[in-house]
Number of protein chains: 2
Amino acid sequence: MNGENNFFKSAFSVDNVIFGFDDGDLKVLLIKRGAAPFQGLWALPGDLVYPNEDLDTAAYRVLEELTGLKKVYLEQVHTFGSVERHPLGRVITIAYFSLVKISDFTLMASSFAQNVEWLNVDDAMKSELAFDHNKILETCFNALMHRVRIRPVGFELLPPKFTLTELQHLYEAILSTELDKRNFRKKILSMSLLTDIEEYQEGVPHRPAKLYQFNKERYQQLEAHGFSFEVKESKKKEKKKRLAELIAR
Amino acid sequence: MNGENNFFKSAFSVDNVIFGFDDGDLKVLLIKRGAAPFQGLWALPGDLVYPNEDLDTAAYRVLEELTGLKKVYLEQVHTFGSVERHPLGRVITIAYFSLVKISDFTLMASSFAQNVEWLNVDDAMKSELAFDHNKILETCFNALMHRVRIRPVGFELLPPKFTLTELQHLYEAILSTELDKRNFRKKILSMSLLTDIEEYQEGVPHRPAKLYQFNKERYQQLEAHGFSFEVKESKKKEKKKRLAELIAR
DNA sequence: CTAAAATGCCGTAAATTAAACACTAAGAAC
DNA sequence: GTTCTTAGTGTTTAATTTACGGCATTTTAG
């Protein structure tokens, strides 16, 4: 090292928890590591941040290099910087999550990746991931759970046209809860954020459902007037009762 | 620079938005910079992270070196890493906010600080701060607003024994809203998170108010059973009506 | 052609929660 | 003892949330 002090011996990276939704399941895109350290384990896509690159830019780059997708929802979540988190040196990492429509997804040829796969989020959380990526995944999943309640970001995971049942299943997957069909539909429709495009599902072996589109302009307009999106996970009545008793004591 | 590649030409720092509450006002602790760059401007307390130091540890260190306080509420908020945010090189910074009881506070002798002061948060946000600290302050204030609604962290800003009116004023300051006295008291007391210690204010020129303590154990116990703390900023009825009409269209 | 299977779609009553609102009580200062 | 200041308290009304069952539409199999 030359005259510079050793504050400049460190590096930073971004890691990206890329969520997708398919067939009622919430998934995360992982890469099987082809080289040490942690060879053979699943890891989050990530990369060192270039010297002249903003953090968000780096996160978008990682995403695009991997999936070819450009305009996706991306949000910074947390920075992980334990001294020993990276075996090869001091590398802190800024974690992002992004939401992509699996239907848009095309895997890019990627030199550093041996193997890329959509894994069910629950399964991924249970398996051993490289580095501190279990912790990162968990943190980002919690952030998603939280975000999805207060912002209409769930739509980022669905194709442009979707049915109310698909939307409900998405929420159920993210919130790990069951929702009442009638109440869910009532609530979502009452927000008037969905455009009824007068189209119906095709090729389904049952009564086809209406298709809707998320009306982003409408949302922004309402938001500007103080509207706040909110979906709650239904606290079941039994639970509420038990809690009320506990509090009463 | 020697053989190391230039990913390792960068550094990272922590910056700490230290909130306090005094006399009905929410304050933030700032340092007047004694040296270039940004000499003479107010700045958030912060420092480079040592090579062998975890991020949280660095944030606690900054806080303790400045205030002497050890056990305080501290939370990571966001990482700021624009290429041009620091004039002297690539320095990304991890922003934290912390909540301290001003009554506990004793200013430490601090070599690098010319001048340390509690500034009203609104005033601080309006003035020009060093670096990107306006942005950081704003982000952390928003994070506090948000956090205070869903976690009982406000108590960290109050002395151990406080009156309900003080608590209400705290919430009003953080949420920038007015709350109905009776409804607020009803709601807070119904959570049974406060211990009535049968003590009263002294030395006030009016009827003394009861003092309460926050019961942390109780909170943790309830939380474990699914209790969720929640304070809403009252959506005034007029606003709600206007919004409802907008949605109906 | 009919029946069965699958999912879509609808509305109301009851319970809970939130909002609005005004007077009496206690102590200190004069 | 009068005045001043803040503390403390309950009820009614409106809004929101929850619970809940049955008929409708389409495809497929027989």
Side-chain angles (χ1 to χ4, degrees), chain A residues 23-24 149 161-169 171-172 175 177-191 194 196-212 226-245 247-248, chain B residues 23-24 149 161-172 175 177-191 194 196-212 227-245 247-248:
Chain A
D23 195 26
R149 285 180 215 185
K161 302 172 181 181
F162 50 85
T163 69
L164 290 179
T165 303
E166 284 166 350
L167 183 63
Q168 182 179 342
H169 288 159
Y171 272 91
E172 290 176 335
L175 301 176
T177 190
E178 287 200 0
L179 300 169
D180 179 274
K181 186 160 55 157
R182 278 180 292 189
N183 292 338
F184 180 81
R185 296 163 95 90
K186 216 186 314 172
K187 175 158 207 166
I188 294 289
L189 289 175
S190 75
M191 294 177 180
L194 301 187
D196 175 352
I197 52 178
E198 307 274 332
E199 287 181 45
Y200 292 82
Q201 278 182 312
E202 284 174 25
V204 287
H206 54 77
R207 174 176 175 181
K210 257 192 183 171
L211 295 172
Y212 291 87
F227 170 77
S228 84
F229 184 88
E230 217 173 303
V231 178
K232 294 182 189 158
E233 48 184 326
S234 73
K235 326 173 188 173
K236 296 268 168 60
K237 222 173 199 174
E238 323 126 46
K239 284 190 191 174
K240 273 171 83 176
K241 282 251 171 76
R242 264 189 284 123
L243 195 57
E245 283 160 25
I247 288 176
Chain B
D23 196 26
R149 284 181 215 185
K161 301 171 180 183
F162 51 85
T163 70
L164 290 178
T165 303
E166 285 167 349
L167 183 64
Q168 183 181 340
H169 287 160
L170 170 64
Y171 272 91
E172 289 177 336
L175 300 176
T177 189
E178 287 200 0
L179 300 169
D180 178 273
K181 184 162 58 155
R182 280 183 286 194
N183 292 338
F184 179 80
R185 296 162 95 92
K186 219 185 312 171
K187 177 158 205 165
I188 293 289
L189 289 175
S190 76
M191 293 175 180
L194 300 187
D196 175 352
I197 52 176
E198 306 276 333
E199 287 181 47
Y200 293 83
Q201 277 183 312
E202 283 173 27
V204 288
H206 53 76
R207 174 174 178 182
K210 258 193 184 171
L211 295 171
Y212 291 86
F227 169 77
S228 85
F229 184 87
E230 216 170 300
V231 179
K232 294 183 191 159
E233 49 184 325
S234 71
K235 326 171 189 173
K236 296 268 168 60
K237 224 170 199 176
E238 322 125 47
K239 284 191 192 173
K240 273 170 83 177
K241 283 251 170 76
R242 262 188 288 123
L243 194 57
E245 282 160 24
I247 288 177

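Lettering of chains follows the sequences in order, A, B, ..., and the numbering in each one begins at 1.
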Counting distance alone, no hydrogens or angles: does the base of D:dG8 have a donor or acceptor under 3.5 Å from a partner atom on the side chain of B:K181? yes
Heavy-atom check, side chain of A:D196 versus side chain of A:L211, under 4.5 Å:
no
A:K232 NZ to C:dT16 P, in whole Å, measures 15 Å
Atom OH of A:Y212 and atom C1' of C:dC9 are separated, to the nearest Å, by 9 Å
Notebook entry, point to check: Under 4.5 Å between any side-chain heavy atoms of A:I197 and A:K161, yes or no?
Noted result: yes
query: Does B:T165 make a side-chain N or O approach to OP1 or OP2 of D:dT6 shorter than 4.0 Å?
result: no
**Study point:** Lys/Arg-Asp/Glu bridge criterion (N-O < 4.0 Å) met for A:K210, A:E199
**Key:** no
With sugar-phosphate taken as primed atoms, P, OP1 and OP2 and all else as base, the protein-contact string of nucleotides 25-30 of chain C at under 4.0 Å (heavy atoms; B, S, -) is BBBS--
Rounded to whole Å, the CD1-C1' distance (A:I188 to C:dG8) equals 17 Å
Note: B:E230-B:R149 ion pair, threshold 4.0 Å (strictly below): no
Separation of D:dA19 atom C1' from A:L179 atom CG, nearest Å, is 14 Å
Distance col, row A:D180:CG vs A:R185:CZ, nearest 0.5 angstrom, shows 10.5 Å
Sub-3.5 Å pairs of nitrogen or oxygen atoms, protein against nucleotides 11-14 of chain C:
from	atom 1	to	atom 2	distance (Å)
C:dT12	O4	A:K186	NZ	3.0

When rounded to whole Å, the CG to C1' distance for the pair B:L211 and D:dG8 reads 14 Å
**C:dC10 OP1/OP2 closer than 4.0 Å to side-chain N/O of A:R185** = no
- prompt: Are A:V231 and A:Y171 close enough that some pair of their side-chain heavy atoms sits under 4.5 Å apart?
  reply: yes
Whole-Å distance, A:F184 CZ to C:dC10 P, equals 15 Å
Here the gap from B:K181 atom NZ to B:Q168 atom CD, rounded to the nearest 0.5 Å, amounts to 8.0 Å
To the nearest 0.5 Å, atom OH of A:Y212 lies from atom OG1 of A:T163 at 9.5 Å
Atom NZ of A:K210 and atom P of C:dC9 are separated, to the nearest Å, by 7 Å
Interatomic distance, CG@B:L189 vs CZ@B:F184, rounded to 0.5 Å, equals 9.0 Å
When rounded to whole Å, the CG to P distance for the pair B:L194 and D:dA7 reads 15 Å
